[in-house]
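So the structure is just underneath, and the comments pick up after that.
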Amino acid sequence: MSSILIKAATLVNEGKQTVSDVLIKDGYIEQIASSLNVSADREINAEGKFLLPGCIDDQVHFREPGLTHKAEIFTESRAAVAGGITSYMEMPNTVPNTITQELLEEKYTIASQRSLANYSFFMGATNDNIDEVLKTNAQNVCGIKVFMGSSTGNMLVDNGAVLEKIFSSAPILIATHCEDEQTIRTNFAAFQEKYGENITPEMHPLIRNTEACYKSSSLAVELAKKHGARLHILHISTEKELALFENTTPLAEKKITAEACIHHLWFSDKDYAEKGNWIKWNPAVKAESDRDAILQAVLDGRIDVIATDHAPHTIEEKQKSYLQAPSGGPLVQHSLLAMLEFYKQGKISLEAIVEKMAHNPAICFNISKRGYIREGYWADLVLTDLQAHTAVKRETDLSKCGWSPFDGYTFSSAITHTIVSGNLVYENGRFNELGSGKRLSFVR
């Protein structure tokens, strides 16, 4: 492997900023110092730029296998590294659903050949695969995914006895999608009776409402406390749910943690009039008060990590009527840029962005030697220019689906270089597509 010397970068790491040189060799960070007089195969002048640990996205849907008309591991990991994401954890609702150890390993094999970013894959739970779930290897699999609502295929886990078994026996972190299915069905029936086929995107957060989220999230927390399980609740979308989490326990000691996603931090129900199905997600984007409360919880530590829930669908699929259009959208290419925009607006510090998008995911999942700029750690790094601009438009959207909810927006920062496991994978719009991603390992 080649060596890289990064000169005069402003490192944002572990709560502080320092101007340093960084030497990368054989995949790892070999040396960090104020000035390094060494030779390397490649030297990058980073004066005036900010060097961050690569982002770790703990929730993506890359659609392979079975849904590759929407996305592929190669295309979406390519978009991810262009966005400063160096590691991702991918969800099991592909086709077939990832609900056996054999199917799980097949995804790892695909990623080993095609992923430009580091990777891990969740094992999926169902009402009837508990034996397979309990075989999951905690050292090389990120976690178990439980859909407590809004499932795809056979993945809705609504059997109380099965939930008890999962929470009492899981050998590994349990990540949950929390929306109460019966509440949603009742709400939907009422709206359908009133509006028939004319339900609009503006009604989405009223159908998939606060009570649906809170009822399910509170059940997950109750089960986790009862059994001492390690629970991570994904994509918090309501202010009410924030009461379920605390900020007094150090993150490494927390048994119950929470994630916020970019779309719930950026958009609100006022954006449906313009964006329509392009911001149709599950859980739904809700009120401005929910959005603002979620950001506050990110800042005060009740919410531990920021992710994307990147979930591509084709333009044709999203252009259908509300009832026919699927939920989800692509976000990995622009998630860090969105958070840097919040920094520019004075809403969050650079140090907090790094904490929530790199350090904390590594802590939450016990990832080995990633998430920090430290000597001896894997070199997963992203270089950013806070004086440049990035215009979002369909011709430069890299997800296979070919669009972004940020289309038409210009961010006031740019990502110039992304290094994955010591390899320069992205540089000013150009890619090294030899597949630098490594399988994540975990210290548990």
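Nothing here was measured: the structure is a model prediction, and the numbers come from that model.
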* **Cationic tip of R394 above W278 ring, under 6.0 Å, 45° of axis** => yes
* side-chain hydrogen bond (donor to acceptor under 3.5 Å, both in side chains) between D180 and S216, intermediate numbers included -> CA-CA 5 Å; D180 182 66; S216 184; 5.9 Å; no
* Is there a donor-acceptor contact under 3.5 Å from the side chain of R302 to the main chain of N247? -> no
* **Pair E211 + K240, salt bridge at N-O below 4.0 Å** => yes
* Would you find more than 12 non-hydrogen atoms of other residues, nucleotides or ligands less than 6.0 Å from K369 atom NZ? -> no
* Is the number of heavy atoms from other residues, nucleotides or ligands under 6.0 Å of E102 CD greater than 12? -> no
* Asked: E76 and K400: salt bridge (charged side-chain N to carboxylate O under 4.0 Å, His left out), yes or no, with the steps?
  -> CA-CA 7 Å; E76 306 317 288; K400 187 175 182 179; over 6 Å; no
* Mark yes or no for whether T126, through its side chain, and M155, through its backbone, hold a donor-acceptor pair below 3.5 Å. => no
* Asked: Charged N to carboxylate O below 4.0 Å: is that the case for K286 and D269?
  -> no
* Could you verify whether a donor N or O on one side chain and an acceptor N or O on the other, from D57 and H310, lie under 3.5 Å apart? => no
* Asked: Should the pair Y372 and Y377 be assigned to parallel (<30°), tilted (30 to 60°) or perpendicular (>60°) ring geometry?
  -> perpendicular
* Tell me whether the centres of the aromatic rings in F442 and F365 are closer together than 6.0 Å. => no
* S115 and Y88 side chains, donor-acceptor separation under 3.5 Å -> yes
* Working for side-chain contact (heavy atoms from CB on, under 4.5 Å), residues E132 and M123 -> CA-CA 9 Å; E132 285 290 307; M123 176 66 182; 3.8 Å; yes
* Asked: Do D407 and D397 touch side chain to side chain, with heavy atoms closer than 4.5 Å?
  -> yes
Side-chain donor-acceptor contacts of residues 321-330 below 3.5 Å, not counting sequence neighbours, with atom names and distances?
| from | atom 1 | to | atom 2 | distance (Å) |
| --- | --- | --- | --- | --- |
| Y322 | OH | H204 | ND1 | 2.7 |
| S327 | OG | N282 | OD1 | 3.1 |
| S327 | OG | N282 | ND2 | 3.3 |

* To do: Using distance alone, with no hydrogens and no angle criterion, decide if T136 and Q101 have a side-chain donor and acceptor under 3.5 Å apart.
  => yes
* Tell me, do T249 and E246 make a side-chain contact under 4.5 Å, heavy atoms counted? -> yes
* Asked: Passes salt bridge (charged side-chain N to carboxylate O under 4.0 Å, His left out), K254 versus D304? Steps please.
  -> CA-CA 10 Å; K254 279 188 180 183; D304 304 287; 2.8 Å; yes
* **Step-by-step side-chain contact (heavy atoms from CB on, under 4.5 Å) determination, Q319 to E317** => CA-CA 5 Å; Q319 285 177 331; E317 288 169 331; over 6 Å; no
* Asked: Can the ring centres of F267 and Y272 be said to be less than 6.0 Å apart?
  -> no
* To do: Please lay out, stage by stage, how Y409 and S404 fare under the test side-chain hydrogen bond (donor to acceptor under 3.5 Å, both in side chains).
  => CA-CA 10 Å; Y409 191 86; S404 165; over 6 Å; no
* To do: Using a cut-off of 6.0 Å, state whether more than 12 heavy atoms not belonging to K344 lie near its atom NZ.
  => yes
* Would you mind checking if K135 and E105 are paired as a salt bridge, meaning a charged N to carboxylate O distance below 4.0 Å? => no
* Stepwise, does the side-chain contact (heavy atoms from CB on, under 4.5 Å) test hold for I353 with L340? -> CA-CA 8 Å; I353 292 171; L340 292 175; 4.2 Å; yes
* To do: Indicate whether any N or O donor in one side chain lies under 3.5 Å from an N or O acceptor in the other, for E341 and S412.
  => yes
* **Cation-aromatic face contact R439/Y119, 6.0 Å, 45 degrees** => no
* Determine the interplanar angle of the H263 and W281 rings, folded into 0 to 90°, and report it as parallel if under 30°, tilted if 30 to 60°, perpendicular if over 60°. => parallel
